[in-house]
Structures are given as structure tokens and as C-alpha cells.
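These values consider heavy atoms only, across backbone and side chains, with no hydrogens, waters or symmetry-generated copies. In what follows, residues are counted from 1 in the order of the sequence shown.
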Amino acid sequence: MHTSLRSFIQALRQEKEIIEINTEVDPYLEIAEIHRRVIEEEGPALLFTNVKGSPFPIVTNLFGTERRVDMAFGPKPENLIQGLVQAVHKLMPPKPKVLWEERKLLLDIMKTGTKQVGHAPVLENYHTDFDMTKLPALTSWQEDGGPFITLPLVYTESPSTKEHNLGMYRIQIHEKNQTGMHWQIHKGGGFHHYEAEQANQNLPVTLYLGGPPALIISAISPLPEMVPELVFTSLLMGEKLGLTKPSESPHSLVAEAEFAFSGHVPPHIRKPEGPFGDHYGYYSLKHDFPVFNVERVWHRKDAIFPATVVGKPKQEDYYIGEYLQRLLSPLFPVVMPGVKSLWAYAETGVHALAGAIVRESYYKEAMAHAFRIMGEGQLTLTKFLMVSDVDVDLSNFAQFFENILERFRPERDLLIINDTSMDTLDYTARGKINKGSKAIMTGLGEPVRPLVRTYQGGHMDRIQQTAVYCGGCLVVSGQSYEADPELPLHLVQNCQKQLAEWPVVFVVDDVAIAQTQAAFLWTTFTRFDPASDIYADAEIIRNKIAYRGPVIIDARMKPMYPAELFPREDIVELVDRRWKEYSI
């Protein structure tokens, strides 16, 4: 495990996994377009040494392939997590013999934590009037509200308990000494700010860039609130995390960081932040968020600015997310007994869809486990949860979905929860922020139907094309939502005979999305709100809505949704012309 960003970069150089681009490039749109083309081809990391308007080089695409993620973190963290899970059962209650057998693991755990170090490269340069606009922060999409720091590591402490949080919350640069602070709901830094604001206090904040790659993993991991991110970083590294405490800083600083920005977030002050082309593949819109007033800055004398570009999956965050799921999946049965496996689908922006295999030892026990999942940390942001008690590879969504649909009885197995909190970046609830609905779909026990795999129902009025995504799941298209908003209701009322064999039907703009898992998941689950866009015959039985199939889901783009992300044509042409200059 690497202890600094440059240690990782050196390893990438040795393995020919990074390319230096020495020609001048613009952080406004150009770098992002280069990055997107390279990651689409699963190409190398990119070190831009000549960035227009900034003295600092910028590195992107550090984690843009499965191989580079493995190079960054290696097998030790996964082995350690698996060992911890196995040891939990053996060590309860602790016995001398078992403690001796697990001595190596226990010694590894004893090495975790933080330590104060004498040599701290981050202290090499110190500023009390640093100009944040001189950073090579990227503007990735033409409608973005400005340049953003996209790999920020935001450190805060609870004003009352002093427990810390390290999170990744995007940072828009507003002016020379001020940025935005995109604290979403359900996030630890936001909880600390809420606590400080209730007391009418400033909240001290330290923003890091760079440092050990494990810091990035820890910052975005859906850890339980009681697990300190810096300790988890140390656990992943296999050694204590080095810190240093300059007298001017309210917090100890990560010694190997590239940059450390110290300041505060004041109470009751908000400024417009955004739009921002985010990992859902659409723009998140402009909203008021807190501000971060930057007072002091430390950085290495040869500091490198790390960044990433997000957009339609698959981007760099997809590979980090896949690694995180492999890393943390053994913990789910420990934290949530009865949950055998869990998978959030990065193709949907992570929070739009999750699948789980759970225990069903009595009637509807699976629903209790579903509620537990929906109430656990960042999993509370999940919009649509599918649950089964039959083991299957969750990463293969078509296989998992067929497993559900074979057993799906809509009157029993579909629960829609209206008027609840939502991921800040999900606007499917008709453009509302932080509000929407969720759904739980179960498929339990023995199969209740064979799945049809070809459509033979004949012509359907107002439907132009049909395709099959997987057994039991039909995809259809007609006119756009603007031209025919009542199409799903029409199918429910008038096409029962043609659709009788299909448990679930998705109405989409283009049925070609049925060809791949990535296209299907992104184009469907990011484009519907369960309460507004699921249609079926239904009746109320003892205050429960009992649905009758087929279940029709309207996953078309709707005029109230934010725009899909597309690069600006003149930037595409610019990068086309200059491609040979980059020497990629």
C-alpha cells in the first residue's frame, strides 16, 4: 500500500501505466475531454505538466482501470477484511487459544491509527493569502458553474464529541479565498456543520488533496458512523498514518498530502453552487450550499494536483466503486445479520439501484432485512432495492433480475414508499431536491412462473419498437414523454393481453439500450421515480396497495429532468486537432 500520491505515480511509471503530457492544456473543458477519451479506451493515467493558468501539474485517471486500482491498494486490504470477519466469530468470546491463533491479525490491527511525524512534506510551503483560482481545478462540462476540485478530502470534527469525519464533497471555487462546500444529506461532514450551526459557531475544516491513495477509499467508503476514516485509512495501509500539527492549524495535517487548506465553514451562510455534471450522467442543478473560507494553505514544493472527471458511467469512479464493494462486502453480514450479499450498481450512479441476497427463514423476513439495508448509512439513499433469498451473482444484473422475476408476485412483492428523502443528485421526483420516493421489490421462495424470452404478443397501439432485456423483462418505445405522457397508463388499460406474460415492462426512448447491462441500467433506473412512474392495476386491501401485473415503468427522459451530459462540439474538434500534440 502506497503512503503517498507520488509513490503511486512512481509505481505507475515503472509499469508504463502513466503518460506525461507536456504540451500546454486548458483545465477549462480540454483536459476533461482528453481524460474521457482515454478512460473510454481503458488507457493510462495522465500527468499534465503544463497547465494553462496554473503553476501546478495535474494528474487524472489514476484509478481508471481495474489493474491500476489493484496497483494502488493491492490484495492486503481485502485479505485483512476477510480475516477480520472470520476472526469476529472465533474471538467471541475471546479465549487464550484463539487469541494466540489470531495473533498476526491482532498485531496488524494494533499497528493501525495515527502517529505524529517529524518530517512532513506538506509543510514545505506555507501561505496565508493563497489564491484558490490559481489551482488547476477542472471545468469538466460546459454548463458547470465554474471550476471544481473533484478529489477533495474534507476533514471535520464534531464540535461536541471531537469524533472526526473524512468525506469527499465536491468543491466549487467561488473566488480567491472562498469555495463552496457541497455537503449532501446523510453525510458526516454535513452532520458536523449542522451541529455547529445550531450553536451559531464556525466549523473548522481542513481540505486535503493527495496523500496515501487509501485516504480516497476511506473518504468515499460507506463506513458506519462509529468507524473513524483515518483509522480505516491506516488499516488499509497496514501502518499508522503520519500526521503533523503546525501551530497555525486547528487540526493535525496528513504529512504526505500534496495540499492542505485550512479554514472554516460559517453558520447560516449559503451561496449558489453548481450546476455540475455529476456521476449520474446528468447535470446537478444550481442550489444554495455552505461556503468554505480558506485562511491558510500548506503544500509540497513540487505539489501535484489530483483530479478526476465524472459523467455517464463508466468513469473513474466506477472502478473505485467496484473495488469498494469487493472490499467491504464481507462486512455486510456482520453489520447486518441476515444479509448474505449486497451490491449497488455503479451503472445507475450507485444509489439508484441495489440488489441483495438475504435470509428468509419465516414469512417476509426478507422485508425486515430490506428495511435494515435502507436504514444503514449511505444505503439510506438507495432508490430501488431488489431482494431475493436465492443465491446468485449480483454483479450480473440480468441473471439476478431473472431470479427476482421468476418469483415476483406484484400484489405481495412490490412496496412503494412515497414522500421520503432522496439522494441530492437524483432529480427524478419531478425536479425536487432531496425529496422523492423509494421502492422495494422482492422475489422469494420457489418460482411462480417460467420466464418468456421473446415477444410474440403482436402489435400494440402507440408502441413503435420492442426488445427483450432478459427473461421476463420487456423494453418498449413509442413517442417521447412530451408527445405522449399517458403511454404507460394506456399500456395498463389497453394492452393487458399482449403483455400478460411479462412481469415488468420498461417504457424507454430507444429500445437499443436493452443490448448491454451498462446501457440498460443507466438509461432506466436514473430516469424514473417509483411513486410517479410505476403503473399497474391495483386495489387497496386492508390499507395495502396490491398491484397486479404487468408492472409498467416509465423510464423515458422527462422535460423536468436535468440535461444529459454531452461534450461541447468545438472542444471535441479542438481535441481532435491537437491529439497528436498530446503524444498519448
Side-chain angles (χ1 to χ4, degrees), residues 222 325 328-418 420-423 426 436-449 451 469-473 503-504 506 517 520-521 524-525 528-531 534 536 544-547 549-551 553:
Q325 301 209 63
L328 299 178
S329 58
L331 293 174
F332 294 134
V334 177
V335 178
M336 297 180 285
V339 178
K340 298 178 181 178
S341 57
L342 179 65
W343 193 263
Y345 293 89
E347 298 95 334
T348 69
V350 180
H351 296 310
L353 175 65
I357 307 298
V358 303
R359 183 180 63 213
E360 172 83 349
S361 58
Y362 56 84
Y363 178 69
K364 301 275 284 215
E365 180 188 6
M367 189 60 73
H369 298 309
F371 286 140
R372 176 63 191 272
I373 292 168
M374 299 284 263
E376 183 68 35
Q378 290 188 40
L379 290 169
T380 57
L381 298 174
T382 302
K383 178 169 71 175
F384 202 102
L385 175 64
M386 295 185 182
V387 175
S388 179
D389 62 337
V390 181
D391 287 331
V392 69
D393 178 10
L394 290 175
S395 65
N396 183 334
F397 179 73
Q399 183 182 5
F400 174 56
F401 200 23
E402 288 182 0
N403 185 51
I404 294 280
L405 294 178
E406 284 178 331
R407 297 160 174 81
F408 176 61
R409 292 190 288 174
E411 71 279 5
R412 179 197 70 175
D413 292 330
L414 180 60
L415 175 65
I416 297 174
I417 306 166
N418 203 345
T420 185
S421 61
M422 284 295 296
D423 185 358
D426 190 323
S437 65
K438 303 178 188 295
I440 298 172
M441 182 180 190
T442 60
L444 307 167
E446 297 300 317
V448 298
R449 68 173 63 82
L451 297 180
Y469 172 66
C470 68
C473 177
V504 173
F506 283 87
Q517 173 170 312
F520 175 77
L521 290 179
T524 53
F525 285 88
F528 76 87
D529 168 60
I534 294 180
K544 181 188 185 302
I545 300 176
Y547 301 96
V551 174
I553 300 177

May I ask you to decide if Pro447's main-chain N or O and Glu406's side chain share a donor-acceptor pair within less than 3.5 Å? no
Are the side chains of Arg372 and Val358 in touch, meaning some heavy atoms are under 4.5 Å apart? no
Of all heavy-atom pairs between Glu402 and Gly471, which one has the smallest distance, and what is that distance? OE2-N, 2.8 Å
What residue pairs, at least two apart or across chains, pass side chain to side chain donor-acceptor pair (under 3.5 Å) with a residue in residues 343-358? Glu347-Gln517
Between Lys383 (side chain only) and Asp423 (backbone N and O only), is there a donor and an acceptor less than 3.5 Å apart? no
On a heavy-atom basis, the closest approach of Ser388 and Gly443 is OG-O, 3.0 Å
Derivation of the side-chain contact (heavy atoms from CB on, under 4.5 Å) call for Arg407 and Val390: CA-CA 10 Å; Arg407 297 160 174 81; Val390 181; 3.4 Å; yes
Side-chain donor or acceptor of Asp413 paired with backbone N/O of Arg409 under 3.5 Å: yes
Is there a donor-acceptor pair closer than 3.5 Å between any side-chain N or O of Asp389 and the backbone N or O of Gly445? yes
Check whether any side-chain N or O of Arg449 sits under 3.5 Å from a backbone N or O of Phe408 as a donor-acceptor pair, and report yes or no. yes
When rounded to the nearest 0.5 angstrom, what is the spacing between CG in Leu444 and CD in Glu365? 10.0 Å
Enclosure of Ile417 CD1 (heavy-atom neighbours >12, cutoff 6.0 Å): yes
Please check this pair: side chain of Lys438 against backbone of Ser421, looking for a donor-acceptor N/O pair closer than 3.5 Å. yes
Ile416 vs Ile545, side-chain contact (heavy atoms from CB on, under 4.5 Å): CA-CA, chis, key distance, verdict: CA-CA 9 Å; Ile416 297 174; Ile545 300 176; over 6 Å; no
Test side-chain contact (heavy atoms from CB on, under 4.5 Å) applied to Tyr469 and Thr524, step by step: CA-CA 11 Å; Tyr469 172 66; Thr524 53; over 6 Å; no
Would you check if Val504 and Met441 make a side-chain contact, meaning some heavy-atom pair closer than 4.5 Å? yes
Residues 361-382 vs ring pair (Phe, Tyr, Trp, His ring centres under 6.0 Å), sequence neighbours excluded, gives none
Before you tell me yes or no, could you show the steps for Cys473 and Leu405 under side-chain contact (heavy atoms from CB on, under 4.5 Å), namely the whole-Å CA-CA distance, both residues' side-chain angles and the distance that decides it to 0.1 Å? CA-CA 8 Å; Cys473 177; Leu405 294 178; 4.1 Å; yes
For the student: nearest non-hydrogen atoms of Gln399 and Asp393, plus distance: OE1-CB, 4.1 Å
Taking Arg412's backbone N and O only, do any of them form a donor-acceptor pair with Lys544's side chain (distance below 3.5 Å, no angle check)? no
Between Pro530 and Ala439, which heavy-atom pair has the shortest distance, and what is it? CB-CB, 3.8 Å
Interatomic spacing from CD in Glu376 to OG1 in Thr382 - rounded to 0.5 Å: 11.0 Å
Testing the basics here: between Val387 and Ala366, what is the closest heavy-atom pair and its distance to 0.1 Å? CG1-CB, 4.1 Å
Say whether, by atom type as modelled, one donor and one acceptor occur between the side chain of Ser437 and the main chain of Asp529 under 3.5 angstrom. no
So, using ring pair (Phe, Tyr, Trp, His ring centres under 6.0 Å) as the criterion, who are the partners of Phe525 when residues are at least two apart? Phe384, Phe506, Phe528
